[in-house]
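Written below as structure tokens is the structure these notes are about.
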Amino acid sequence: MAEWADELAARVTGPQVVNDSKTPSGTVHVGSLRGPVILDVICRALRAAGHETTFLYGVDDLDPMDAQALLTPDAVERSMGMPLAHIPDQADDGHASYARHHAQTFIDTFAHLGIQPDRYYWMSDHYAAGDMDPYIRRALDRAATVREIYRRVANVNHPEAWHPLGVICESCGRIGTTIVTGWDGERVHYECRPDLVTWARGCGHAGWVSPFGGRAKLPWNLEWAAQWSLFGVTIEPCGKDLATAGGSRDRADAISREVYEREPPIRVDYEFLNVGGRKMSTSKGHGTPAHKIVEIVPSEQLRLLFLRPRPNHAIEFDPDGSDAIPRLFDEFDRLAAASAGKSVRGELPPGYRSIFRYSLLDPAADVEAEAARFRPAFSHLALLVQIPGVDIEAHVAAEKGSSLDVAEEAILAERLAAARAWLETYAPATARMEVRRDAVPPEAAALTATQRAFLAHLAEEVPGADAAGEAWQAAIFAAAAAGGLPAGEAFRALYLAFLGRSSGPRAGWLLASLERGFVVERLRGAASGATIPA
RNA sequence: GGGCCCGUAGCUCAGCGGCAGAGCAGGGGACUUUUAAUCCUCGUGUCGUGGGUUCGAAUCCCACCGGGCCCUCCA
């Protein structure tokens, strides 16, 4: 399977306009970032293939507010059903409207992931400027065709009087509660009905009004098709919620062909991200809170997670108590190494170079230089970060063989933060280590007589008060040799005595980080088989 | 009721008409000082089930079973 985005880029000819849009309702969860990443990767692939490409992202800010939970209690009665662009910002942080505030949150999130559309457009602006007027007029003129399309494609029966338009009520300002029942070529007749929808209550006003210049808005399916014509969109991905048979995208395709007489853009349907085999959900106890993943998985690894599988494959991602996150880092590092021309074990995925390149935050990055950077293994950092008193940067530099450059220091800092966050949240118990300070761990009962003798011997031969890790390490090997104990057995004994497990971090440095008195007591306690507090 | 995705090694997945593969985990080994590092080594698994097409099927077609999701108001 060749890389899906490069395949798409090889299939098209001429300049391309890639588009998507989103309602700024206030919810941005990790799963909803797959679409934007796919869009961005398509644009990068098109440009890499030499196509002139425009990346547009729309804010559907004239859509009605329909999520009660996202409003402050006093705003519910007043604002439900109003265009998002007309609702005051709930947070007092200087945005002109609810829509602007929440659009900012996803624009910021996109930027964080290296997604940079050439232009964001606001539908409220285009309606106000009259750009949508020709499309509104045509939709009204062909209302019968639209109703027929709804019947045929979506099995939705609108009454004969229904027209495809939502008027912003002149009396109460709501758009979600109005229905247009007449069109005379210049004005529409509309009613703001109290019971049109369950989630908002119309005021009962009715009248004739011009639908142009921002006073009305097309329903979503028509608006979508109108956007394609207005902007000349050639490629537009869509999530499975819209891509389902008879769903929003099928209706928009039919409307584009039969009402606006334009072939719809190329579809790229994509599946969602499932966490633990379940739909992304922040409210259910099962699964994983979405926003936490963003805090733990840095941008480039998150991009990799989304762009690696073909879009029509659902992504299963279960970071809780698993090694899913360390593996994501490992895979990224492996792709980097391979892209740098280093030999890696095993097979590489087809198009691995593209996968790495498109995972990078900066589209203009020097891929060779990025690939060649030294990246400490995530799981190794997750270990080091748990040992007190370790100079991690020095350790990592030693691993690299030379000091870190500025970019590598930044990578290290990012990974350390990620490792700490991971250990606090998703890491399985086996990844966490803790010195058992209270008492000799019960697991130490498994120590052999030879191992106990080794511990007792070491207690007598501890290095000086200010001994560093190396001195301790030397003492360990000396004590092991003195008792005829293989080094591996000696280390196992220490880990059991201090950590209650058979493996651990470099023992010399671990012991050096603890108080000398405690170490001696513990060595003696474990050697004697005592399990009372040391 | 309609639609989509998945079912291949313990886990995550690649392969999508030509001898079943990788990573991770796991087993074994090496290493008198990086001991959760590094290096070497180990893979027969009803490719979900049953049919069909084919010289040849994990791969294409049909049916079925299992897991998950989406839509059937609006966006």
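Atom set for the values below is all heavy atoms of this structure, side chains included, hydrogens, waters and symmetry mates excluded. Residue numbers begin at 1 in each chain, while the letters A, B, ... track the order of the sequences.
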Grab the CZ-P distance between A:R327 and B:rC24 for me, whole Å please.
-> 10 Å
Distance between the P atoms of B:rG48 and B:rG7, in whole angstroms?
-> 8 Å
Just call it for A:N155: base, sugar-phosphate, or nothing, with non-hydrogen atoms closer than 4.0 Å on any strand.
-> nothing
Restricting to nitrogen or oxygen on both sides, can you table the protein-nucleotides 63-65 of chain B pairs closer than 3.5 Å?
none

C1' atoms of B:rC13 and B:rA20, separation to the nearest Å = 15 Å
Under 6.0 Å from the six-membered ring centre of A:F106 and within 45° of its axis: does the NZ or CZ of A:K22 meet both?
-> yes
Hey, does the side chain of A:T177 reach the backbone of A:C192 with a donor-acceptor pair shorter than 3.5 angstrom?
-> no
What is the distance, rounded to the nearest whole Å, between atom CZ of A:R193 and atom C1' of B:rC73?
-> 15 Å
Does the side chain of A:V59 come within less than 4.5 Å of A:L84's, by heavy atoms?
-> no
P spacing across the pair B:rC24 / B:rC62, given as an integer number of angstrom | 38 Å
Can you check whether A:R310 has a side-chain N or O nearer than 4.0 Å to OP1 or OP2 of B:rC4?
-> no
Taking A:H163 for the side chain and A:A161 for the main chain, is one N or O donor matched with an acceptor at less than 3.5 Å?
-> yes
Side chains of A:W162 and A:T181: closer than 4.5 Å at any heavy-atom pair?
-> no
Proximity to the side chain of A:R334 - top-ranked nucleotide from B:rC5, B:rU35, B:rA22 | B:rA22
Atom pair distance, as rounded to whole Å: CD in A:Q227 and P in B:rA75 = 12 Å
Look at A:Q473 and B:rU35 and indicate whether a side-chain polar atom (N or O) is within less than 4.0 Å of OP1 or OP2.
-> yes
Hunt down the Watson-Crick or G-U wobble partner of B:rU54, both distances under 3.5 Å, from any strand shown, or write none.
-> none
Write down the distance separating the P atoms in B:rC69 and B:rC74, rounded off to the nearest Å.
-> 24 Å
Watson-Crick or G-U wobble partner for B:rC11, using a 3.5 Å limit on both distances?
-> B:rG23
Report the nucleotide, chosen from B:rA75, B:rG3, B:rC74, that has the shortest atom-to-atom distance to any side-chain atom of A:D66.
-> B:rC74
Quick one: label A:F477 by what it contacts on the DNA or RNA (base, sugar-phosphate, nothing), any heavy atom closer than 4.0 Å.
-> base
Judged by atom type as modelled, is there a donor-acceptor pair below 3.5 Å linking the side chain of A:R432 to the main-chain atoms of A:L423?
-> yes
Under a 3.5 Å limit on both distances, the Watson-Crick or wobble mate of B:rC64 is B:rG48
Report the distance from atom CG of A:L384 to atom P of B:rU34, rounded to the nearest whole Å.
-> 15 Å
Provide the distance between the two C1' atoms, one in B:rA22 and one in B:rA58, to the nearest whole Å.
-> 16 Å
Report which part of the nucleic acid A:A314 touches: base, sugar-phosphate, or nothing (heavy-atom distance under 4.0 Å, all strands).
-> sugar-phosphate
From the candidates B:rC71, B:rC69, B:rU35, the one with an atom nearest any side-chain atom of A:K240 is B:rC69
Roughly, in whole Å, what's the span from OH in A:Y150 to P in B:rG2?
-> 23 Å
Write down the distance between CZ (A:R267) and P (B:rG3), rounded to a whole number of angstrom.
-> 14 Å
Can you check whether A:L307 reaches A:I38 side chain to side chain, under 4.5 Å on heavy atoms?
-> no
B:rC55 and B:rC19, which share atom name C1', separated by this distance in whole Å | 16 Å
A:P219 near the nucleic acid: base, sugar-phosphate alone, or nothing, with a heavy-atom cut-off under 4.0 Å?
-> sugar-phosphate
Answer yes or no: is there a side-chain heavy-atom contact under 4.5 Å between A:C169 and A:C203?
-> yes
Taking for A:V156 and for A:A431 the nucleotide of RNA chain B with the nearest heavy atom, the one nearer the 5' end belongs to A:A431
Is A:R193 reaching over with its side chain to a backbone N or O of A:I179, donor-acceptor style, under 3.5 angstrom?
-> no
Taking the P atom of each, how far is B:rC39 from B:rG45, in whole Å?
-> 28 Å
Atom-to-atom span, CG of A:L328 to C1' of B:rC24 - whole angstrom | 13 Å
Pairwise 5' ranking along RNA chain B for A:W220 and A:A474, keeping only the more 5' one = A:A474
Mate of B:rU38 where both pairing distances stay under 3.5 Å, Watson-Crick or G-U | B:rA30
Between B:rC6, B:rC74, B:rG2, which one does the side chain of A:T244 approach most closely?
-> B:rG2
Mark yes when over 12 heavy atoms from residues, nucleotides or ligands other than A:R201 sit less than 6.0 Å from its CZ; otherwise mark no.
-> no
Rounding to the closest angstrom, what is the interatomic distance between B:rU49 and B:rC11 at atom P?
-> 16 Å
Have a look at A:I476 and say if it touches a base, only the backbone sugar-phosphate, or nothing, with a 4.0 Å heavy-atom cut-off.
-> nothing
Output yes when at least one side-chain N/O atom of A:R251 is less than 4.0 Å from OP1 or OP2 of B:rC74, else no.
-> yes
Between B:rG2 atom C1' and A:D241 atom CG, what is the distance in whole Å?
-> 16 Å
